[in-house]
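Data block below; observations after.
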Amino acid sequence: MELIITEKDNAARRIADILSGGTYDSSRENGVNVYEWGGKRCVGLSGHVVGVDFPSEYSDWRDVEPVELIDADVEKTATKENIVATLRLLARRAERVTIATDYDREGELIGKEAYDIVRNVDEDVPIRRVRFSSITENEVQSAFDEPDELDFDLAAAGEARQIIDLIWGAALTRYLSLSAGQLGNDFISVGRVQSPTLKLIVDREREIEAFDPEDYWEIFADLTKDDTAFESQYFYRDEDGNEAERVWDEATADEVYETLAARDAATVVDVNRRTRTDTPPEPFNTTQFIRAAGAIGYSAKRAMSIAEDLYTAGYITYPRTDNTVYPDDLDPEELLDEFVGHSSLGESAESLLEADEIVPTEGDEETTDHPPIHPTGEIPSRGDVSDDEWEVFELVVRRFYATVADAAVWEHLKVVADVDDYRLKANGKRLVEAGYHDVYPYFSTTENYVPDVDEGEELALSDVALEDKQTQPPRRYGQSRLIETMEEMGIGTKSTRHNTLEKLYDRGYIEGDPPRPTKLAMAVVDAAENYADRIVSEEMTAQLEHDMDAIASGEADLSDVTDESREMLEEIFANLADSRDEIGDHLRKSLKDDKRLGPCPECGEDLLVRRSRHGSYFIGCDGYPDCENTLPLPSTGKPLILEEECDEHGLNEVKMLAGRQTFVHGCPLCKAEDAGEGPVLGACPECGEDSATTDSSRDDGGELAVKTLENGSRLVGCTRYPDCEYSLPLPRRGEIEVTDEYCDEHELPELVVHSGDDPWELGCPICNYQEFQARESESGSDLEALDGVGAKTVEKLADAGIEDLEDLTDADPDAIAADVEGVSADRIRSWQAKA
DNA sequence: GCAAGGTC
């Protein structure tokens, strides 16, 4: 029996299909697909099935000095145990093993990992390697006709990368995290790829912060020929003889403006007409696909996720590729034929097939692992895919169309007119031949009309305008620009670049879109620049690539390269030795800066975004416990502090990030005031001082207040909302007066409602609500009679089968607590005692 | 719990 091992299930199935001529059977082993036919079995891995890590004695961050990791052993352990188990099982029954992982460096390493697993159960079985550039009949057949050996040097190059990345990443990440005391989920990470990417964002932010805007002026005027007006702009020659439009001093700008405004005609002195060929775009690699999807509104993460779904469903080719040259076996005409007759995609394909010859465009990068992203010819019907998936699928199809379409042709017309030696110019452009734009409507084809004029012709001059402007700071990188720049810098891979950006978001280093670095990110990059410059520089990757090439070609050993890297890191740690506290202080301060909204109106310290021990967010004062001022935040989403400040309170506005439900909350103090938090009545019976519960952990000092919600309805609610959801209803109409008389039982003031001419006594809001509940359901629950049990709690209890006091006294407190969210067993015991 | 790289 022969065992064939591929990098992924999809490839295993397609190879089985080709080699078996479609006659394979499939079965499942430990949840892994195995394809079988005529004495052969084919199984797909899931990329790496083993990973590198330190031995377990290094796993406690506090017990191990980060520097010790540098010389620690690095072990390989199974990360996909079911796949490893399946591989071992199949290997035992194999008389020959063929490794058919992807044709690139990482594929060679994955193949070597499979080799080691096989060798572990069978020392002698022959193991060979096949390589093919695309999974097509011809390529696969000839690869299996001429099998090769595994390239152990190439695999070792990949292993060197794994080891160096782990040691540098883990040692420095632990060092920074320990120095700042960030040991939980919020550790402070650095790495060979993420940190240079972060530095890119931070450097741009530094430029923006340091930017000093400069004033300049531009002058525009309308020119008219035969009743048709077109816009022109004043220009001059700068000291280098180049055309310049920006006038840097006001007096000159005024003078030009006054002169032009006083004239009513201009003379054409130059007419320049030229045609420009606009070549069609290159085939999609991952980066360019992400960029194009970004232009129609998809984040990098979303674009890749949709592309992976379309790939798995068989509609497009593998979406992770650097290749920008279609392989020889792709026949564009055949592929176009698949779309002929399709309701929305057919017409373009038909028009392209009319060409005499079809020659696809190609980019500079030609790799051996996967083709550029293109449609497979399988077309989903609209019901098979979501709107977003269809939109992305259409983008991929149309990109393929564009790469086999004709160039477009533009005609540019530049007219220069003269007024008292001042020059005006107008640039017109017209799309003469639409070419690929007809089949790829994602690029702008806006024309700018400038009429035909002749030299010496007089044109009417009107509507002269002087515009004062300022130079703008550079713009932040967008997600797709960052991914493109990473590719240019040579960091990350087609499969990881978009994940790296997600990692920076998750780590609290960047926020918003386009991403803006946090203060923490600025501090991490600062610290790295000062002590471990290598980890934030693209040089580290460049050197590593160079070293990996040396290993792959046999000029260097894995240990030469990793030993040298360890020595460099030792040096860094030697320099870091005395700086732990200094670095930690800076990081801690920056972490706090990221949570700061502005001054507390009660004490002048800082208001910070905080998290309650129940996990919800609120705003609290840095002066706590001296200052107990708090402001609520909405219960949905994760708060993001915006750059915008509230004019009235000087506090930053807050946005709540919650996927599609993301919304801007605004200034939390304004919101609290708008929410009409009225007079405080007394302690909250659920979480306030002396609350009825014996569960002292719930005494969080909540108070009841009269509140008006945004929809206009009113209630008595806890000031700790949303941490505490205790609430009592109030009538919608009428003014509410808080009297001096108190309810003895609940220690709350009696309320009077003034509506119309006839004020009525609502009384104690708890008594009022209990009476209301009693009236509402005569046979209903008597649970509200208990102090500290609000309407919500009654509902929750009822859901858990506790309908009245009798149910409650019979029940097991721990069982109820497990069933009912937000109700502790201690609270239930206190109710049982009362009942 | 640390990285980056595969893949889902």
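Lettering of chains follows the sequences in order, A, B, ..., and the numbering in each one begins at 1.
Side-chain atoms of A:Lys8 lie closest to B:dC8 of the nucleotides B:dC8, B:dC2, B:dA3. Out of B:dC2, B:dC8, B:dA4, the shortest distance to the side chain of A:Trp61 is found at B:dC2. Between B:dT7, B:dG5, B:dC2, one nucleotide has an atom nearer to the side chain of A:Thr496 than all others, and that is B:dG5. The side chain of A:Arg161 lies closest to B:dG5 when the candidates are B:dC8, B:dG5, B:dC2. Side-chain atoms of A:Thr173 lie closest to B:dA3 of the nucleotides B:dC8, B:dG6, B:dA3. Closest to the side chain of A:Asp165, from the set B:dA4, B:dT7, B:dC2, is B:dA4. Nearest to the side chain of A:Tyr318, among B:dG5, B:dC2, B:dT7, sits B:dT7.
Nearest-nucleotide positions on DNA chain B place A:Ser189 closer to the 5' end than the other of A:Ser189 and A:Tyr311. Nearest-nucleotide assignment on DNA chain B puts the 5′-proximal partner with A:Arg507, out of A:Arg507 and A:Thr79.
Residues A:Glu108 and A:Leu150 form a side-chain contact, since some pair of their non-hydrogen atoms from C-beta on lies under 4.5 Å apart. A heavy-atom distance below 4.5 Å is found between the side chains of A:Ile5 and A:Val118.
Contact annotation: side chain of A:Ser46 to base of B:dC8, donor-acceptor pair present below 3.5 Å. You'll find a donor-acceptor pair under 3.5 Å spanning the side chain of A:Asp53 and the base of B:dC2, going by distance alone.
Side-chain nitrogen and oxygen atoms of A:Gln194 include at least one within less than 4.0 Å of the OP1 or OP2 phosphate oxygen of B:dA4. Taking 4.0 angstrom as the limit, A:Lys80 places none of its side-chain polar atoms (N or O) nearer than this to OP1 or OP2 of B:dC8. Phosphate proximity of B:dT7 to A:Ser495: present, with a side-chain N or O under 4.0 Å from OP1 or OP2. Contact check, A:Thr493 against B:dG6: a side-chain N or O comes under 4.0 Å of OP1 or OP2. For the OP1/OP2 pair of B:dC2 and a distance below 4.0 Å, the side-chain nitrogens and oxygens of A:Arg62 include no atom meeting the criterion.
Formation of a donor-acceptor pair under 3.5 Å by the A:Asn323 side chain with backbone atoms of A:Thr367 is found in this model.
A:Leu109 has its CG atom 14 Å from the C1' atom of B:dT7, to the nearest Å. B:dG5 atom P lies 16 Å from atom CH2 of A:Trp168, rounded to whole Å. A:Glu308 places its CD atom 8 Å from the C1' atom of B:dT7, with the value rounded to the nearest Å. Rounded to an integer number of Å, the gap from A:Ile110 CD1 to B:dG5 C1' is 8 Å. Computed from coordinates, the A:Leu544 CG to B:dG5 P distance equals 9 Å when rounded to whole Å. Atom-to-atom, CZ of A:Arg105 to C1' of B:dG5 comes out at 10 Å; the value is rounded to the nearest Å. Rounding to whole angstrom units, CD of residue A:Glu113 and C1' of B:dG5 are separated by 10 Å. Atoms CG (A:Leu569) and C1' (B:dA3) sit 12 Å apart, rounded to a whole Å.
Using a 4.0 Å heavy-atom distance criterion, A:Ser59 is classed as a base contact. Here A:Gly492 lies in heavy-atom contact (under 4.0 Å) with sugar-phosphate atoms only. Using a 4.0 Å heavy-atom cutoff across all strands shown, A:Arg174 reaches at least one base atom of the nucleic acid. Residue contacts for A:Val52: at a heavy-atom cut-off of 4.0 Å it reaches a base atom on one of the strands shown. Here A:Asp60 lies in heavy-atom contact (under 4.0 Å) with a base.
Residues A:Tyr531 and A:Ser579 bring a donor and an acceptor atom of their side chains to less than 3.5 Å of each other. A:Thr86 and A:Asn30 share a donor-acceptor pair across their side chains, judged by distance under 3.5 Å alone.
Here the rule is ring-ring contact (aromatic ring centres under 6.0 Å, His included) with A:His370, and of A:Tyr311, A:Tyr326, A:Phe132, A:Tyr318 only A:Tyr318 fits it.
Figure legend: A:Lys301 and A:Tyr505 shown without cation-pi pairing, the cationic atom not lying both under 6.0 angstrom from the six-membered ring centre and within 45 degrees of its axis.
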